[in-house]
Visitor: 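Got a structure for you, written out below as C-alpha cells; questions coming shortly.
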Number of protein chains: 2
Amino acid sequence: MPHKLKPIKPKRISDQVFDQLRELIFRGEFKAGEKILTERELAEAFGVSRTSVRDAINKLVVMGLLDQKQGQGTFVRSPESKEKSLLATMVESQDASISDLLEVRMGLECNAAAMAASRAVEKDFQFMEKSIEEMQKEVKSGRLGTEADASFHMAIAYATNNPLQVFIMKNFYDFLFTGIKVNLEGLYKIPGNIEIILEQHTLIYQAIREGNPDAAYRAMKQHIDFVYDFFEGQGE
Amino acid sequence: MPHKLKPIKPKRISDQVFDQLRELIFRGEFKAGEKILTERELAEAFGVSRTSVRDAINKLVVMGLLDQKQGQGTFVRSPESKEKSLLATMVESQDASISDLLEVRMGLECNAAAMAASRAVEKDFQFMEKSIEEMQKEVKSGRLGTEADASFHMAIAYATNNPLQVFIMKNFYDFLFTGIKVNLEGLYKIPGNIEIILEQHTLIYQAIREGNPDAAYRAMKQHIDFVYDFFEGQGE
DNA sequence: CCGCTTCAATTGGTTATACCATTAGTATCG
DNA sequence: CGATACTAATGGTATAACCAATTGAAGCGG
C-alpha cells in the first residue's frame with residue numbers, strides 16, 4: 001500500500017439535505033416561527049426526490065428544530081420552545097451552570113475568533129454584519145435579540161473554515177442559545193449593558209475583518225469576560 | 001358545546017408503527033445488538049407501506065434506539081452506547097482532518113489547562129502523574145502509549161471541575177480514538193518524538209501543580225503546536 | 001350586506017413500484 | 001487452498017399517484 005488513496009465520501013442524500021437545512025436554520029436564513037419551503041419545492045430546488053427531503057425534514061422534526069402540520073406547511077421551531085435538544089438535556093442532568101458554559105466558550109470561541117481573523121472571507125463578514133445589524137434592530141424594538149446574538153457567534157465558527165469547530169458549535173447551539181438568553185435577560189435590567197455587548201461584538205468583527213488574530217482573540221476574551229463577571233456578580 | 005365528544009385519533013400511521021416498535025424494544029422483545037425484521041417484512045406484518053415503516057424506524061434511529069446499516073439490516077442499539085453516539089454518529093458525515101481536530105483542541109485544552117492550574121486538587125495531580133508514569137512504562141515496553149496520552153488530557157479536563165468541559169472532552173476523545181487514532185501513530189514512530197511529548201506533558205503538569213495558569217496555558221499551547229507542526233510537515 | 005355552505009388549491013401523509021448501492025455469503029476457478 | 005466473481009438480501013433513492021387536513025375564496029341564501 002504505497003499510496004494513501006482518495007478519502008471517498010459515502011454520504012446519504014437525505015443527510016446532505018439535512019446538513020444544508022440545518023445550516024440555513026442556524027444561520028438565521030429560516031427564522032423562528034417562519035414557514036419554510038414546501039417539500040415539493042425543496043425537492044426541486046435541491047434536485048432530489050421528495051423522499052430524500054422528507055427523510056431530512058423528519059430528522060429535523062425529531063431533533064426539535066422543525067415542526068410540521070399537514071395542510072399548512074413546515075415551520076421553524078423557536079429554540080426557546082420547550083423540549084431542549086438531546087445535548088442540552090444531557091448537559092442539564094450533569095448540573096452544568098451558565099458559568100461552566102462561559103468557561104468552555106472562553107477557550108472555544110477566543111481560539112475561533114483568532115482562526116477566523118486569518119481565514120474569513122467576504123461571505124463570512126457579511127454574515128457577521130448581518131447578525132450585528134439584526135441585533136441592533138431587535139434591541140431598538142425593545143426585544144433582547146438573543147437569536148441574533150447566537151447567530152453572530154455561529155458566524156464566527158463558520159468563518160474558521162474548520163468543520164469540526166462548526167460541528168461542535170452546532171451541537172452547542174441550543175445550550176448556547178439558552179445561556180445567552182439568561183445572560184441578556186439579566187443584562188437588560190441595567191441600562192447601557194446591551195449597548196456594551198453590541199460594541200464588543202463590533203470590536204470582535206473589526207479585528208477579524210482586519211485580519212488581526214491577536215486582537216480578535218483579546219476582543220472575544222474581553223467580551224466573554226464581561227458577561228462572565230456580570231453573571232458572577234449576580235450572586236450565581 | 002354541551003358534550004365533550006370523541007377524542008378521535010388523528011394519529012399518523014408512521015407514529016403508530018413507531019409506538020409499537022418502541023414498545024417491543026423497551027419490553028426486550030428486540031434485544032440489544034439483535035437484528036430486527038427487515039423493512040419489507042415489517043411493512044407486510046403491519047399491513048402498511050414500507051415508507052411508513054421507514055419513517056418510524058428513522059425516528060428511532062435519530063433517537064438512538066436503532067442503528068441501520070445498508071446491506072446488513074437494522075439493529076437494536078445497546079444502551080451504553082447510546083450516549084456517546086450523538087456526536088460520533090454525526091461526525092461521520094463530516095470530513096474533519098487531524099489539523100482541524102488539533103485546532104479545536106488548541107482552544108479547548110489550553111483554556112482547560114489554565115483552569116486546572118487554579119482549581120486542581122491532590123486527587124487530580126495523582127491522576128496526571130499516573131498517566132505520565134503509565135505512558136513512560138508503555139513506551140519502554142515498545143508500545144505507543146496512546147491511551148495513557150489521552151488519559152493525561154482527560155485528567156486535565158477533570159481537574160477543571162467544569163462538568164461541561166469534561167462532557168465535551170469525553171465525546172471528543174471517543175471521536176479521536178475511533179476515528180483517527182491510526183493517524184496519530186505516525187507521530188510516535190519517529191525516535192525522540194515520544195520523549196519530547198513526555199517532556200511536554202511533564203511541563204504542563206508542573207505548571208498546573210504550581211498553580212500557574214499562564215504557564216499551564218503556554219505549556220499546553222507549545223505541546224499542541226508541536227504536534228500540529230509535525231503533521232503540517234508530513235504533507236497533510 | 002352578512003353568514004353559511006361548498007368547493008378548489010395547497011401541503012403534508014401514504015401507498016406502490018422500480019431501481020440503485022452496499023454488504024455478506026457462496027460458488028467458482030486457478 | 002485461496003483469491004475472484006457472482007448472487008441474494010437489505011437499506012437508500014426516485015417517481016407517480018392518491019389520501020387527508022387545512023385554508024381561503026367563491027357562491028349561495030337570507
Side-chain angles (χ1 to χ4, degrees), chain A residues 1 5-22 24-25 30 33-77, chain B residues 1 5-22 24-25 30 33-77 85 89-90 92-93 95:
Chain A
M1 207 170 287
L5 295 183
K6 48 189 174 183
I8 300 246
K9 57 168 183 179
K11 251 185 172 175
R12 278 179 302 207
I13 293 184
S14 62
D15 279 345
Q16 297 181 44
V17 174
F18 168 82
D19 285 336
Q20 289 202 46
L21 289 180
R22 184 174 59 166
L24 289 172
I25 296 172
F30 290 162
E34 187 176 290
K35 178 171 172 294
I36 71 174
L37 275 56
T38 69
E39 296 181 347
R40 290 171 177 85
E41 287 170 337
L42 285 172
E44 192 180 4
F46 282 122
V48 300
S49 75
R50 197 181 147 206
T51 309
S52 298
V53 172
R54 277 184 63 80
D55 282 349
I57 290 181
N58 277 333
K59 217 167 165 178
L60 290 164
V61 169
V62 174
M63 287 185 171
L65 293 176
L66 291 179
D67 223 354
Q68 266 188 322
K69 284 175 188 170
Q70 186 173 173
Q72 295 183 252
T74 306
F75 305 84
V76 180
R77 192 167 200 169
Chain B
M1 208 170 286
L5 296 182
K6 49 195 171 171
I8 301 262
K9 58 164 185 174
K11 240 182 176 177
R12 281 176 299 204
I13 292 184
S14 62
D15 279 345
Q16 298 180 42
V17 174
F18 168 82
D19 285 336
Q20 290 201 45
L21 288 180
R22 185 177 53 175
L24 287 173
I25 295 172
F30 290 160
E34 189 177 290
K35 177 172 171 294
I36 71 173
L37 275 56
T38 70
E39 296 181 348
R40 289 168 176 87
E41 287 170 339
L42 285 172
E44 192 180 4
F46 282 121
V48 299
S49 74
R50 195 181 146 204
T51 307
S52 297
V53 172
R54 276 183 62 81
D55 283 349
I57 289 180
N58 277 334
K59 219 167 164 175
L60 291 164
V61 169
V62 175
M63 287 183 168
L65 293 176
L66 291 179
D67 215 358
Q68 268 188 321
K69 285 175 188 171
Q70 186 173 175
Q72 296 183 251
T74 306
F75 305 84
V76 180
R77 185 166 243 157
S85 69
T89 307
M90 295 174 157
E92 289 175 1
S93 61
D95 40 2

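Naming convention: chains lettered A, B, ... in sequence-line order (proteins, then strands); numbering from 1 in each chain. Because only heavy atoms are used, hydrogens play no part in the values below, and waters and symmetry mates are left out as well, while side chains stay in. Keep in mind that this is a model prediction, so the values were computed, not measured.
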Visitor: I would like to know whether B:N58 and A:K59 meet side chain to side chain contact (heavy atoms under 4.5 Å, CB included); could you show each step before the answer?
Guide: CA-CA 7 Å; B:N58 277 334; A:K59 217 167 165 178; over 6 Å; no

Visitor: Other residues, nucleotides and ligands only: do more than 12 of their heavy atoms fall within 6.0 Å of CD on A:E34?
Guide: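 Atom CD in A:E34 is packed in, count exceeds 12.
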
Visitor: Which string of ( ) [ ] | and . matches DNA chain C, if you list each base 5' to 3' and count Watson-Crick or G-U pairs only when both distances are under 3.5 Å?
Guide: ||||||||||||||||||||||||||||||

Visitor: Please report the distance, rounded to the nearest Å, between CG in A:L66 and P in C:dT11.
Guide: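 So the two atoms are 16 Å apart, to the nearest Å.
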
Visitor: Could you tell me which residues satisfy salt bridge (charged side-chain N to carboxylate O under 4.0 Å, His left out) with B:R50, sequence neighbours excluded, listed by chain and number?
Guide: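 For B:R50 the salt bridge (charged side-chain N to carboxylate O under 4.0 Å, His left out) partners, ignoring immediate neighbours, are B:E39.
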
Visitor: What residues form a side-chain contact (heavy atoms from CB on, under 4.5 Å) with B:Q70, not counting sequence neighbours?
Guide: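 So B:Q70 forms no side-chain contact (heavy atoms from CB on, under 4.5 Å) with any residue.
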
Visitor: Each nucleotide N or O in nucleotides 7-9 of chain C that has a protein N or O under 3.5 Å away: list the pair and distance.
Guide:
none

Visitor: If every non-hydrogen atom of B:G33 is compared with every non-hydrogen atom of B:F75, which pair is closest and at what distance?
Guide: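 Looking at all heavy atoms of both residues, the shortest contact is O-CD2, 3.8 Å.
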
Visitor: Would you kindly give the CD-to-C1' distance between B:E44 and C:dT17, to the nearest whole Å?
Guide: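 After rounding, the reported distance stands at 15 Å.
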
Visitor: My understanding is that only residues two or more places apart in sequence, or in another chain, count here; which of them pass side-chain contact (heavy atoms from CB on, under 4.5 Å) with A:E41?
Guide: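 Applying side-chain contact (heavy atoms from CB on, under 4.5 Å) to A:E41 gives A:L37, A:T38.
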
Visitor: Summarise how protein sits on nucleotides 4-14 of chain D as a single string, 5' to 3': B when a protein heavy atom is under 4.0 Å from the base, S for sugar-phosphate-only contact, - for no contact.
Guide: ------BBBBB

Visitor: Tell me, please, which residues at least two apart from A:D67 pass side-chain hydrogen bond (donor to acceptor under 3.5 Å, both in side chains).
Guide: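 Partners of A:D67 by the side-chain hydrogen bond (donor to acceptor under 3.5 Å, both in side chains) criterion come out as none, since no residue qualifies.
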
Visitor: Rounded off to whole Å, could you give me the CZ-to-C1' distance for the A:F75 and C:dT10 pair?
Guide: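 One finds 12 Å between C1' of C:dT10 and CZ of A:F75, rounded.
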
Visitor: With sequence neighbours left out, what residues match A:Q20 under side-chain contact (heavy atoms from CB on, under 4.5 Å)?
Guide: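 Only A:F46 meet the side-chain contact (heavy atoms from CB on, under 4.5 Å) criterion with A:Q20.
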
Visitor: Please name the pair of heavy atoms, one in A:S14 and one in A:A56, separated by the smallest distance, quoted to 0.1 Å.
Guide: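 Between these two residues, the closest heavy atoms are O-CB, 3.3 Å.
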
Visitor: Could you tell me which residues satisfy side-chain contact (heavy atoms from CB on, under 4.5 Å) with A:V61, sequence neighbours excluded, listed by chain and number?
Guide: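 Partners of A:V61 by the side-chain contact (heavy atoms from CB on, under 4.5 Å) criterion, ordered by chain and then number, come out as A:I57, A:L66, A:Q68.
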
